[in-house]
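No experiment lies behind these values; they were computed from the predicted model shown. Note on naming: letters A, B, ... go to the chains in the order of the sequence lines (proteins, then strands), and numbering restarts at 1 for each one. Scope of the values below: all heavy atoms of this structure, side chains included, with no hydrogens, waters or symmetry mates.
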Amino acid sequence: MKRTHTCGELTDKNEGHRVTLCGWIDRIRNLGGIEFARLRDRYGFTQVIFDPKNSKLHHKARKLSPEFCVAVRGIVRKRPEEAQRKDQETGGIEILAEELHVFSSSETPPIYINIEDRSSEDLRLKYRYLDLRKPSVREAIITRHRFTQAVREFLNGEGFVDIETPVLTKSTPEGARDFLVPSRLRPGRFYALPQSPQLFKQLLMVSGFDKYYQIAKCYRDEDLRADRQPEHTQIDIEMSFVDEEDVLALAERLMKFAFEKTTGIEVSIPFKRLTYEKAMMLFGSDKPDTRYGMEQFNMAKWFEGTSFSAIGNALERGELVRGFAAHGLASVFSRKKLDHYTERAKELGLGGLMWIKVEKDGITKSSIMKHCAEEIELLLKDVSIPPDSLILFSIGPRATLTRALGELRKKIITEELRSAEGLDFLWVTDFPMFSFDQERQRIVAEHHPFTMPNLDDFEKFASSDPLKIRARSYDLVINGTEVASGSVRIHRQDIQQKVFEILGLDQEEAQGKFGFLLEAFKYGAPPHAGIAPGLDRLLALIVGSDSIRDVIAFPKTASGSDLMTGAPSEVSEEQLRELRLRIENEKP
RNA sequence: GGGGACGUGGUGCAGUUGGUUAGCAUGCCGGUCUGUCACACCGGUGGCCGCGAGUUCGAGUCUCGUCGUCCCCGCCA
């Protein structure tokens, strides 16, 4: 029996037609005589009715159980008026069964398929193929398909060429830990899985491919999170003869097209922009969710010459006094909660946390009222603070203070506030080119070492204070999540060489690691720039999930295992021998 | 590498201060029922309480270890 229709398409327009449906039994409702079976496929549900008058068929139907895979032939008929379901797409009709074929029976499934969120995540992952039968899980995967199709449609239309790059490639020293693949033909040597196709796409620009894209798997052997998997997918894009404005504009149009095509949510462009510097000063974060306000401000001017030594001394030391106001929270922040936030502030490196409350009735309270009543009065006169507001503020060196306040702001957002609506697209630009890695005691690239520095900064600070150099890089942030990252790249051998020097790679090392790139730059490299939106995170935002596992067909757990296949697994002695590898005992 | 939460019939949970037969819901099996849609009702089945030590007359409950899952910090995108 071949199907003539799917379970999502029949309506009263098909009344009287003889049809065949294939799918899985979602649920049986046996009323003694008449028996209803809900049939499910990826398109929807259709109710099938087995009438006892057809006793042979009815007898066969009584043996059905959930998740049997079947074909049913029958007549589409309108349900009686009182039995119609307007909320279901196929709720107006049913199939009066004439013939039933069971392709496969099913044991009682280990997870609930016909009830949402009734099974634990580890079981759902172990039986992912069953979990994927659930409409909500299936829809997330289909949404992902529609999104990538929209991305391809847009980029193809813009003249981009989709080019595959190798998965077995070379280990590079910068960035995350590589996944390594031992080489059998060259024992003792290893491939690395790409953290991104970065170098290949730059080389494709040297080749003249102009506009490249790839929906590319990227691999990083680092610890996992809800929004981090060992393999994730990037929409990898690179363009020649462009600058950052071209890339940002392209990315905006791409996001608008793909979001609108996939979700129907209208996206207005251009997106807001903040420099890194400004984002840090306003929100204490390089990926702020700006929907919640609570911008930091400098409070020094109200405390100049204060007699309160804690603040006065800090100002003399050149430290800052900064804080932010949270409206509607004065009544929520009990003494206990304030203590809790103070504790957190100390963990974040601050000496403590001060607060001012303007309560609902307009009465002002503060942790430093005893010392600074006048200062607080002046401050509240200058800054308009509505009733029921809380100002949290502290003192400290600039970087520590802004970051710590940013963390406290984030904590308030996740713990105290109702989640905001809508999509908040934000560009953060002009990141620092380098940062200092305390652990390794050396300068590292903030984005990656192929990022074009701001050349004015570069000239001024390359030898004196490289940490002051800004990069021509940009991140796209949506609702506080970093969803894309990119930069203008270096296309000149001399600049690339200097950047390597600042990173502490001498010429020989640089030749060994990236010689092929430096070599390529000798042969007419075009100026180029690119960006790489993270597909998994974008989809998680679109389907409203906190975890990218929900938009990946076969995801891994927080410890990197695949509960379904059992990977990673041990391999045979024979396999190890071929690779000339030996496993060292962990505990000798 | 560090911190937190969890692990009890197939599934999701409860289980008091350590005390006799480990509850509830759902599923599953059987029965009644011809318009249900989480069908309803009646009856039944099903658990070495993740694993291993220990404390104790006695451990689901306390201690230590171990494994697994989730969340967070570090790390990383």
Side-chain angles (χ1 to χ4, degrees), chain A residues 26-39 45-53 58 62 65-67 77-88 90-91 94 96 106-127 130 174-178 195-196 198 218-234 236 286-287 344 347-348 407 410-411 414 437-440 444 446-448 475-477 481-486 531-538 546-549 556-561 563 566 587:
Chain A
D26 188 68
R27 200 185 286 276
I28 306 267
R29 287 179 285 270
N30 185 341
L31 273 66
I34 195 168
E35 176 167 304
F36 298 100
R38 188 157 72 153
L39 197 62
F45 298 102
T46 298
Q47 175 163 287
V48 177
I49 182 165
F50 294 98
D51 193 314
K53 281 177 204 142
H58 187 254
R62 293 213 57 167
S65 276
E67 303 313 320
R77 74 179 192 193
K78 219 171 181 165
R79 299 189 196 178
E81 196 60 40
E82 69 279 5
Q84 292 196 10
R85 282 301 174 109
K86 299 281 187 299
D87 54 327
Q88 297 166 7
T90 61
E94 63 197 4
L96 177 63
S106 171
E107 293 184 13
T108 302
I111 61 170
Y112 284 90
I113 293 165
N114 51 18
I115 307 176
E116 287 294 335
D117 291 328
R118 197 58 199 276
S119 302
S120 62
E121 193 171 3
D122 45 338
L123 269 181
R124 290 178 45 206
L125 290 180
K126 181 171 178 191
Y127 298 98
L130 296 180
E174 292 293 323
R177 192 178 294 116
D178 285 320
Q195 298 179 25
S196 80
Q198 184 60 37
C218 304
Y219 308 85
R220 286 162 223 239
D221 188 7
E222 296 290 348
D223 286 3
L224 280 62
R225 287 282 192 287
D227 62 349
R228 275 159 36 188
Q229 286 270 306
E231 45 182 312
H232 74 109
T233 304
Q234 284 184 352
D236 200 41
D286 60 0
K287 41 178 189 292
R344 181 74 190 125
E347 285 167 21
L348 292 164
E407 286 300 319
K410 223 181 278 177
K411 188 175 163 71
T414 51
D437 186 328
Q438 290 292 343
E439 204 171 307
R440 279 171 276 194
V444 296
E446 183 73 22
H447 184 56
H448 55 58
D475 278 6
L476 179 60
V477 177
T481 302
E482 181 196 322
V483 294
S485 192
I531 190 165
L535 185 65
D536 311 285
R537 286 183 180 178
L538 285 168
D546 289 330
S547 169
I548 63 172
R549 286 189 299 272
K556 293 182 177 57
T557 70
S559 60
S561 35
L563 295 180
K587 284 170 193 162

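The separation of B:rC62 from B:rU21, taken at their C1' atoms, amounts to 24 Å, rounded to a whole angstrom. Going from the P atom of B:rG10 to that of B:rC6 covers 22 Å, rounded to whole Å. A distance of about 36 Å separates the P atoms of B:rG54 and B:rU45, rounded to the whole Å. Between the P atoms of B:rU61 and B:rU16, the separation comes to 11 Å (whole Å). Comparing the same atom, C1', in B:rC48 and in B:rA59 gives a spacing of 13 Å after rounding to whole Å. Look at the C1' atom in both B:rC33 and B:rU69: the space between them is 44 Å, to the nearest Å. Distance noted for atom C1' between B:rU63 and B:rU55: 7 Å (whole Å). On the P atoms, B:rU26 is 29 Å away from B:rU17, given to the nearest whole Å.
When all heavy atoms are compared, the tightest approach of A:Gly33 to A:Pro52 is C-CG, 3.7 Å. The minimum heavy-atom distance linking A:Ile49 with A:Leu96 is given by the pair CG2-CA, 3.5 Å.
Taking only side-chain nitrogens and oxygens, A:Arg225 comes nearer than 4.0 Å to OP1 or OP2 of B:rC73. Distances shorter than 4.0 Å separate some side-chain N or O of A:Ser561 from OP1 or OP2 on B:rU69.
Minimum atom distance to the side chain of A:Ile34 is reached by B:rG35, of the listed B:rG12, B:rC28, B:rG35. Side-chain proximity of A:Glu482 to the nucleotides B:rG35, B:rA77, B:rC76 is greatest for B:rA77. Of the candidate nucleotides B:rC29, B:rG1, B:rU69, B:rC29 has the atom nearest to the side chain of A:Ser65. Side chain of A:Arg228, nearest nucleotide from B:rC76, B:rC70, B:rU69: B:rC76. When each of B:rA77, B:rG10, B:rU36 is scored by its nearest atom to the side-chain atoms of A:Tyr112, the top-ranked nucleotide is B:rG10. The listed nucleotides are B:rU69, B:rG1, B:rC76; the one nearest the side chain of A:Glu222 is B:rC76. Looking at the side chain of A:Glu94, the nearest of the listed nucleotides B:rC71, B:rC28, B:rU36 is B:rU36. The side chain of A:Ala176 has B:rA77 as its nearest neighbour among B:rU69, B:rA77, B:rG12. Counting only heavy atoms from C-beta on, A:Arg79 has its side chain closest to B:rG35 among B:rG35, B:rC71, B:rC28. Set against B:rG35, B:rC76, B:rG68, the side chain of A:Leu563 has B:rG68 as its closest nucleotide.
Take the nearest nucleotide of RNA chain B for A:Pro110 and for A:Gly33: the residue whose nucleotide is more 5' is A:Pro110. Closest-nucleotide positions on RNA chain B for A:Ser547 and A:Glu446 were compared, and the one nearer the 5' end corresponds to A:Ser547.
Within 6.0 Å of the NZ atom in A:Lys556, the count of heavy atoms belonging to other residues, nucleotides or ligands exceeds 12.
A salt bridge between A:Arg344 and A:Glu347 is present, with a side-chain N of the basic residue lying under 4.0 Å from a carboxylate O of the acidic one.
Using a 4.0 Å heavy-atom criterion, one finds that A:Thr557 contacts the sugar-phosphate atoms exclusively. A:Arg549 comes within contact range of the sugar-phosphate backbone alone, with a heavy-atom separation under 4.0 Å but no base atom that close. Residue contacts shown for A:Gln229 include a base, since a base heavy atom lies under 4.0 Å away. A:Ala532 comes within 4.0 angstrom of nothing in the nucleic acid, heavy atoms only. As judged by a 4.0 angstrom heavy-atom cut-off over every strand, A:Ile49 is placed among the base-contacting residues. Counting non-hydrogen atoms under 4.0 angstrom, A:Ser196 reaches nothing in the nucleic acid. Residue-level contact check: A:Gln234 touches neither bases nor backbone, having no heavy atom under 4.0 Å from any strand. In this structure, A:Arg124 reaches neither bases nor backbone, as no heavy-atom distance under 4.0 Å exists between it and the strands shown.
A 3.5 Å limit on both hydrogen-bonding distances identifies no Watson-Crick or G-U partner for B:rA22. With a cut-off of 3.5 Å on both Watson-Crick or G-U wobble distances, the partner of B:rG9 is given as none.
Between the CG atom of A:Asp221 and the C1' atom of B:rA77 there is a distance of 14 Å, rounded to whole Å. Straight-line distance from the CZ atom of A:Arg537 to the C1' atom of B:rA77: 5 Å, rounded to whole Å.
One donor-acceptor pair, N or O on each side, does fall under 3.5 Å between the base of B:rG35 and the side chain of A:Arg77. The base of B:rG35 has none of its N or O atoms less than 3.5 Å from a complementary donor or acceptor on the side chain of A:Glu82. For B:rU36, the base has a donor-acceptor partner in the side chain of A:Gln47 [N/O atoms by modelled type, under 3.5 angstrom].
Side-chain atoms of A:Arg79 do not come within 3.5 Å of backbone N or O of A:Gln84 as any donor-acceptor pair. Here the side chain of A:Thr46 pairs no donor or acceptor atom with the backbone of A:Leu39 at under 3.5 angstrom. No donor-acceptor distance shorter than 3.5 angstrom exists from the side chain of A:Ser196 to the backbone of A:Cys218, with no hydrogens or angles considered. Between the side chain of A:Arg549 and the backbone N or O of A:Thr557 there is no donor-acceptor pair closer than 3.5 Å.
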Could you write nucleotides 38-45 of chain B as a row of B, S and -, 5' to 3', where a protein heavy atom under 4.0 Å of any base atom gives B, of only sugar-phosphate atoms gives S, and otherwise -? SB------

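Two residues are said to be in side-chain contact when any heavy atoms from C-beta on lie closer than 4.5 Å; A:Pro230 and A:Leu224 meet this criterion. Side-chain contact between A:Gln195 and A:Glu222 is absent, with no heavy-atom pair separated by less than 4.5 Å.
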